[in-house]
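Notes follow the structure.
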Amino acid sequence: MPELPEVETYRRYFEATSLDQTLLGIDVADHKLLTTDYGTLTQSLIGSRFVRTHRIGKHLFITTDRGQVMVMHFGMSGGLAYFRDQEDTPRFARIVFHFAGGFRLGFLCPRKFERIGLVDSIEGYALAKGLGVDALEVSVENLMAKLSGKKAMVKPLLLDQATVAGIGNWIVDEVLFQAKVHPETRGYQLTEADIRRIHAAIGVVLQTAIHHEAAYGRFPTDFLIHAREWDDSPYADQRAHTRCPRCGNDLRVIRVGGRATYFCPVCQPAVAREAAEPVKANRAQAAG
DNA sequence: CGCTATGTTGTTCC
DNA sequence: AGGAACAACATAGC
């Protein structure tokens, strides 16, 4: 589930566990998980210490005392686990960093969508990847420029890491729910007030999620996430968790941009298309 | 077995 | 060119 709040939580975890220890070795069970070849990776890192972390969106950067920069991306299911003894190696720890002193850091990759590699610099990587500003730091003005006037729907726009870095599928639904914006609203249909609410919601949702260390079960009860979380379980009483936490009406699940999308049709009504559409449509045929 | 999944990237088509 | 739809990646879990 690594969206920005999880990666921020992993960053703090890394800081708390894995800094300032000499790296003795790196075990890599599947080389497809590396974006830098194994020889270069080990040659560049072994013998050095991790000294600093930085996060942009869902990317975690770790700098060594020799100035090398390693980037971690957690894909759809990655994580970190610090441990000591071999027998405590967590399942899916397909990359393991060994530190002098006997502790190890496991990079968990259940589905092998995760990646580790070296980059020349954080800035260069962000530029090459076209990463937008981190969602925790994005300004209203920046968001305004990235959303207004766009033909695409607001949900795919917010999911685009070039718009803002760090927003994933659950977060974007939560943000749009709290901002009371329908996920299929086009960029050009958003009012300034809409974008201001979206901006505020991004802040609230991310800060709340980080505060709870991304443990969704502990989020406030008026968060949409609970509907999705429990709806996943075929054993749960689905009825009880498919209602809007604010108005009590039935939530809807649709697909937007190929992604499952939860929203409340009452709190997040679709905008009237004709009102906001650019001058182009011939409405003469609309008689009925 | 069949289906879905938190992300990213690339292709293909309009 | 922008945008949308979809597949692919590899695997787990229900």
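Protein chains get the first letters and strands the later ones, always in sequence-line order, with residue 1 at the start of each.
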Please tabulate, for the side chains in residues 201-214 of chain A, all donor-acceptor contacts under 3.5 angstrom to protein atoms that are two or more places apart in sequence or on a different chain.
residue	atom	partner	partner atom	Å
Thr208(A)	OG1	Val204(A)	O	2.6

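Salt bridge status for Glu8(A) with Arg11(A): present, with a side-chain N to carboxylate O gap under 4.0 Å.
Minimum interatomic distance between Lys112(A) and Leu33(A) (heavy atoms only, all atoms of both residues): CA-CD2, 3.7 Å.
Atom P of nucleotide dA1(C) and atom CG of Asp160(A) are separated by 17 Å, given to the nearest angstrom. To the nearest angstrom, C1' of dA5(B) lies 18 Å from CZ of Phe74(A). Between the CG atom of Leu4(A) and the P atom of dG7(B) there is a distance of 11 Å, given to the nearest Å. One interatomic measurement links the two molecules: CZ of Arg94(A) to C1' of dT11(C), which rounds to 8 Å at whole-angstrom precision. Between Leu157(A) atom CG and dG2(C) atom P the separation is 13 Å, expressed in whole Å. Rounded to an integer number of Å, the gap from Arg259(A) CZ to dA4(C) P is 15 Å. Rounded to whole Å, atom P of dT4(B) lies 14 Å from atom CG of Asn169(A). Per the geometry, CE belonging to Met76(A) stands 12 Å off P belonging to dA10(C), to the nearest Å.
Looking at residues 142-155 of chain A, you'll see Lys150(A), Lys151(A), Ala152(A), Met153(A) sit with a heavy atom under 4.0 Å from some atom of DNA chain C. In the region residues 107-116 of chain A, proximity to DNA chain B at under 4.0 angstrom, judged on heavy atoms, holds for Arg111(A), Phe113(A). Residues from residues 161-168 of chain A placing a heavy atom under 4.0 Å of any atom in DNA chain C do not occur.
The hydrophobic cluster around Phe83(A) extends to Val96(A), counting ILVMFWY residues whose side-chain heavy atoms fall within less than 4.5 Å of a member. The hydrophobic cluster containing Phe61(A), built from Ile/Leu/Val/Met/Phe/Trp/Tyr side-chain heavy atoms closer than 4.5 Å, also comprises Ile56(A), Val69(A), Val71(A), Val119(A), Ile122(A), Tyr125(A), Leu131(A). Other residues sharing a hydrophobic cluster with Val51(A) under the 4.5 Å side-chain heavy-atom criterion for ILVMFWY residues do not exist; the residue is a singleton. If you chain together ILVMFWY residues whose side-chain heavy atoms come under 4.5 Å of each other, Leu108(A) ends up in a group of its own.
Between dT8(B) and Lys58(A), a contact under 4.0 Å exists linking OP1 or OP2 to a side-chain N or O. Dashed line: the shortest gap from a side-chain N or O of Arg91(A) to OP1 or OP2 of dT11(C) is not under 4.0 Å. A close approach under 4.0 Å does not occur between any side-chain nitrogen or oxygen of Arg186(A) and OP1 or OP2 of dG3(C). Under 4.0 angstrom from either OP1 or OP2 of dG7(B) there lies no side-chain N or O belonging to His73(A).
The closest side-chain heavy-atom distance from Phe263(A) to Pro183(A) is below 4.5 Å.
Taking Glu123(A) as the reference, nothing meets the side chain to side chain donor-acceptor pair (under 3.5 Å) condition, with sequence neighbours excluded. Every residue meeting the side chain to side chain donor-acceptor pair (under 3.5 Å) condition with Thr191(A), not counting sequence neighbours, appears here in chain and number order: Asp194(A).
In this structure, CG in Leu19(A) is found 11.0 Å from CG in Asp65(A), a value given to the nearest 0.5 Å.
Within a 6.0 Å radius of CZ in Arg66(A), more than 12 heavy atoms belonging to other residues, nucleotides or ligands are found.
Note on ring orientation: taking the six-membered ring where Trp is involved, the planes of Phe99(A) and Phe50(A) are perpendicular (angle over 60°, cut-offs 30° and 60°).
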Exercise. Using Watson-Crick or G-U wobble pairs with both distances under 3.5 Å, give me DNA chain B in dot-bracket, 5' to 3', with [ ] for crossers and | for pairs to another strand.
Key: .||||.||||||||
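Counting only residues at least two apart or on different chains, the side chain to side chain donor-acceptor pair (under 3.5 Å) pairs with a member in residues 87-99 of chain A are Asp27(A)-His98(A).
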